[in-house]
**Q** 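Dumping the structure here so I can ask a few things about it.
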Amino acid sequence: LHPTLVVTAGVAGDGALATALQPLPPAVWRRFLPQLERFRVGDVHWLARQDPWVAREFFGGQGDAPEGAVGAHAGLVVGLLRGGDWTLLGTVKMMVAGPDAPHPEQLRVAGSLVRHLGARLGHDALQALADRRQARLQRLQEAGASLPRSLDEGEILRDLVRHVQRAIPADGVAVFAPDLGAGTLVTLLRVVQGVERPLAERPLPEGIVAEVARTGQVLRVGDREADRQRERAGLPPLALLAECPDLPGPGSVVAVPLRVGPRLLGVLLVHHGERDVYGGEEEDVLATLAALAATAVTNARRYAESERERRTTEALADVARAVGESLRPGEVLRLILRHAVSLLGAQGACIALREHDYLHIVAGVGSGGVLAGVHLPLHGCLFGQVVRGHEQLLLNDLAAVPDGLAAVHRLAPLERLLSAPLITSRGAVGAIAAFNRPRPFGDDDLRLLQRLADQVAVAIVNARLFDEVERATREWRMVFDASASGMLLLEEALTVRRCNSRAAALCGRDIAACLGRPLAELLEPVAPGGTRLVERLAQAAQGAGHPVRDTLPLPDGRLLGVQVAPLPGTAGVVTLDALPAPRGD
C-alpha cells in the first residue's frame, strides 16, 4: 500500500475533486479497505459523492453540490489491482465529474480494465522477481565459488563486501567483531562508497551490532514493516548507525551474524541512505553470503593457526638445536629473541638475568636492542615482580602503571608488555619480555613466550654448568701440572694421555714426547719392570676402588714410588716419586 509509483491523467477539477484524487498513505488505505466492500460493482467500487462516508473521507466533507453543476453527481471509481495470488499490487482511482452517475456498463468496462491491468502488473512483477532472483542466485553461486578460494581472512572479507555490493544496493558495508564479555568493538573491514575507512577499537555501543551479537538473529532497521513489528513487540528503537557515526542518516540498515554453529565470528552490517530499501529477500541474500563467508573465514583462521603452530614448532626446534649445540649463551639468547619477535609480531624483546638485588638486561633485539646493559632493581620493577613471584605478566595498557619500568621508558617507550619468568630447579634466574605491537597480546601469546622462556632457562643452566666444569677443569689442570710428583694419566691400552713436567723429567723426555706413547717405551729404560708393576697396581686399584702404592728399585740404587689411583674410562692415574736409597744398618 506504500505508493512507490503514482501515474495520473486528466484534470482534477475543483478543490474537492482534487482532494479525492490525492494519493493516500498506507494507514488510511488499511482503514478504508474493509469499508469498500459495500460499494462493490463487479470488479470496481463506485463511491458516490452523495454518500456521507465518501464525502467525509474522500471529498473533505463536501457532499452536496448544486443540481446541474459540474460534479453534482461526482464520485470515485476505485479499483484494487491484484496479482495472480490475490496480492494487492496497487489502487486505481478514477474521478467521475459529469452530471450523471456512471452507467453499469461503464463500470463493467472499467472493472475489466482494472482486472487486466492487475494481471499484467502481476505478471510483470513475477517476471521482474524471477529475473532478480536469478541474478542474485548467480551472484550467490559466484560467491560460493569465490570465497573459499582464499585462505587469507582479509581477502575473504574484501571479497564478501564486493559480492554484497553486487547483490543488493548498499552505500556502506562493514564487518564488525563484537566482544560482549569485554564490551569492545573491533572493525574488521569497513567500506563506504567503495573506499575503505578503518575505525579504531572502541567500546561496544548499544545498537544494532550489539543486539545481533546477543540474539544471533538478522536485524533490519529503517523499514516500515520491521520498525512496526519492533514497536508492537515493545522493544526500544535502535540508533541507525551507532557503530558508524560518520555515515549519513536516516536510512536503511540490515545486519546479519557471521556464525559457524554456536560460535559468532562477527556481524555483517549493510547501510543505504534511503529508507525502505531492504526487505526479506535482502535478508536472505545477506544471510547466505554471511554463512559462506563465515565458513571461509573459519577455514582461513584454522589454516593461519596451523601455520602459526608450524612456525612455532620449527622455531622451538631451531632453538632446542641451538641450545643443545652451543654452551655459549650469547648467540642462543639472541636467536631466541629473534624468534620471539617474529612469532609474536612484537617490535622488540629482551632478556634480563638476576644478579643479586638487580636484573641485568643481557640481550635485546628490535626496539629492545638499546636496553642491553641496563640494570633494573629487583624490587619496585615489573620485571622484578615476574622474577620474584614466578608469575607471568600481560599488560596491554602500560599507561596505567607508568612507574613500573621508568628506566626502560626513557630508552624504549612501552605500550604493551608480555613477560615470563626463566624458571630453573634453583628458582627464577631472570625474565624474558616482548613488547609493543598494534594489536593486544593474548593468552596464546603468553603461552608461547613461556615456552621460549623455558628454552632460555635451559640455555642459562647449561652455560653455568659449563662454566663450573670449565673452572673445575682449569683448577685440576693447574694442580696436575704444578704437582711436585710425576703424574701420568693412562689410557686403557697403557698409553699416556696426559703427563706433567715432573713425570716427563723422570722419564728423561719432554712432555710432548711423552703424550700418546706406550708406558713401556717411557718407563722401562729408566725403571726396568716398571710397566709390569703399573699393570699389577692398576688391577689392584680397580678391584679395591682406592689408590694402591708400591716401590720399585732403580739402577742407581734409589727407589721409585709408584701409586695408581682408579679413574673411570682410563687405566688409572699413575703417580711417580723418586725416593732416596735406603741406608744400611
Side-chain angles (χ1 to χ4, degrees), residues 322-332 426 458-585:
V323 171
E325 292 176 352
S326 175
L327 294 174
R328 303 294 181 184
E331 184 58 35
V332 175
R426 299 180 181 179
V458 172
I460 298 299
V461 170
N462 288 347
R464 292 182 175 179
L465 289 176
F466 175 73
D467 289 340
E468 292 178 3
V469 171
E470 191 176 47
R471 184 170 57 253
T473 301
R474 285 196 303 269
E475 295 173 354
W476 178 82
R477 286 177 178 175
M478 292 176 63
V479 173
F480 188 90
D481 293 336
S483 175
S485 300
M487 299 184 70
L488 298 166
L489 178 61
L490 300 181
E491 300 283 3
E492 293 183 354
L494 295 184
T495 56
V496 178
R497 179 193 298 179
R498 186 176 181 82
C499 73
N500 63 359
S501 57
R502 177 58 178 162
L506 288 175
C507 295
R509 299 169 183 264
D510 58 16
I511 294 178
C514 295
L515 298 179
R517 298 295 181 87
L519 178 64
E521 182 179 337
L522 301 177
L523 195 57
E524 288 299 324
V526 297
T531 303
R532 291 191 301 274
L533 177 63
V534 169
E535 291 179 352
R536 180 171 54 80
L537 292 178
Q539 293 176 357
Q542 291 177 359
H546 57 77
V548 178
R549 186 178 180 86
D550 203 348
T551 58
L552 178 71
L554 296 176
D556 60 1
R558 293 182 301 163
L559 296 177
L560 181 65
V562 181
Q563 176 178 290
V564 179
L567 184 65
T570 67
V573 180
V574 179
T575 304
L576 303 177
D577 293 302
L579 305 177
R583 292 181 298 176
D585 293 336

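The model shown is predicted, which means the values in this text are computed figures rather than measured ones. By convention here, the first residue in the shown sequence is residue 1.
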**Q** Just jot down the side chain to side chain donor-acceptor pair (under 3.5 Å) partners of S485, sequence neighbours excluded, or say none.
**A** D577
**Q** Going by salt bridge (charged side-chain N to carboxylate O under 4.0 Å, His left out), name the residues that satisfy it together with E535, two or more places apart in sequence or in a different chain.
**A**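 Here no residue qualifies.
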**Q** Nearest heavy-atom pair of A578 and L506: which atoms, and what distance?
**A**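 Scanning both residues, the minimum pair turns out to be CB-CD2, 4.1 Å.
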**Q** Apply side chain to side chain donor-acceptor pair (under 3.5 Å) to D550 and list each qualifying residue two or more places apart in sequence or on a separate chain.
**A**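 Per chain and number, D550 pairs via side chain to side chain donor-acceptor pair (under 3.5 Å) with R536.
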**Q** Would you please name every residue forming a side chain to side chain contact (heavy atoms under 4.5 Å, CB included) with V526, sequence neighbours left out?
**A** L523
**Q** Can you name the side chain to side chain donor-acceptor pair (under 3.5 Å) partners of E491, sequence neighbours left out?
**A** R497
**Q** L490 pairs by side-chain contact (heavy atoms from CB on, under 4.5 Å) with which of V564, V534, T495?
**A**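 Looking at V564, V534, T495, the match for L490 under the side-chain contact (heavy atoms from CB on, under 4.5 Å) is V534.
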**Q** Not counting sequence neighbours, list each pair that qualifies as a salt bridge (charged side-chain N to carboxylate O under 4.0 Å, His left out) and has a residue in residues 500-509.
**A** none
**Q** Can you list every side-chain hydrogen bond (donor to acceptor under 3.5 Å, both in side chains) pair that touches residues 510-519, not counting sequence neighbours?
**A** R517-E521
**Q** Could you pull out the closest heavy-atom pair between G530 and L552, with the gap in Å?
**A** CA-CD2, 3.4 Å
**Q** Quick one: side chain to side chain contact (heavy atoms under 4.5 Å, CB included) partners of A503, sequence neighbours excluded?
**A** L488, C499, N500
**Q** So which of T551, V574, V562 actually passes side-chain contact (heavy atoms from CB on, under 4.5 Å) with L533?
**A**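 The residue from T551, V574, V562 that satisfies side-chain contact (heavy atoms from CB on, under 4.5 Å) with L533 turns out to be V562.
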**Q** Any idea which heavy atoms bring L560 and A527 closest together, and the distance?
**A**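 Looking at all heavy atoms of both residues, the closest pair is CD2-CB, 4.0 Å.
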**Q** Going by the rule side chain to side chain contact (heavy atoms under 4.5 Å, CB included), which residues pair with R498 if we only count those two or more places apart in sequence or in a different chain?
**A** W476, R477, F480, D481, L489
**Q** List the residues meeting side chain to side chain contact (heavy atoms under 4.5 Å, CB included) with A520, not counting sequence neighbours, and say none if there are none.
**A**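 Per chain and number, A520 pairs via side chain to side chain contact (heavy atoms under 4.5 Å, CB included) with E524, T531.
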**Q** Taking all non-hydrogen atoms of both residues, which atom of A459 and which atom of V332 are closest, and how far apart?
**A**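 For A459 versus V332, the nearest heavy atoms are CB-CG1, 3.9 Å.
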**Q** To the nearest 0.5 Å, how far apart are CD in Q542 and CG in L567?
**A** 10.0 Å
**Q** For T575, enumerate each residue passing the side chain to side chain donor-acceptor pair (under 3.5 Å) test, keeping only those at least two apart in sequence or located in another chain.
**A** none
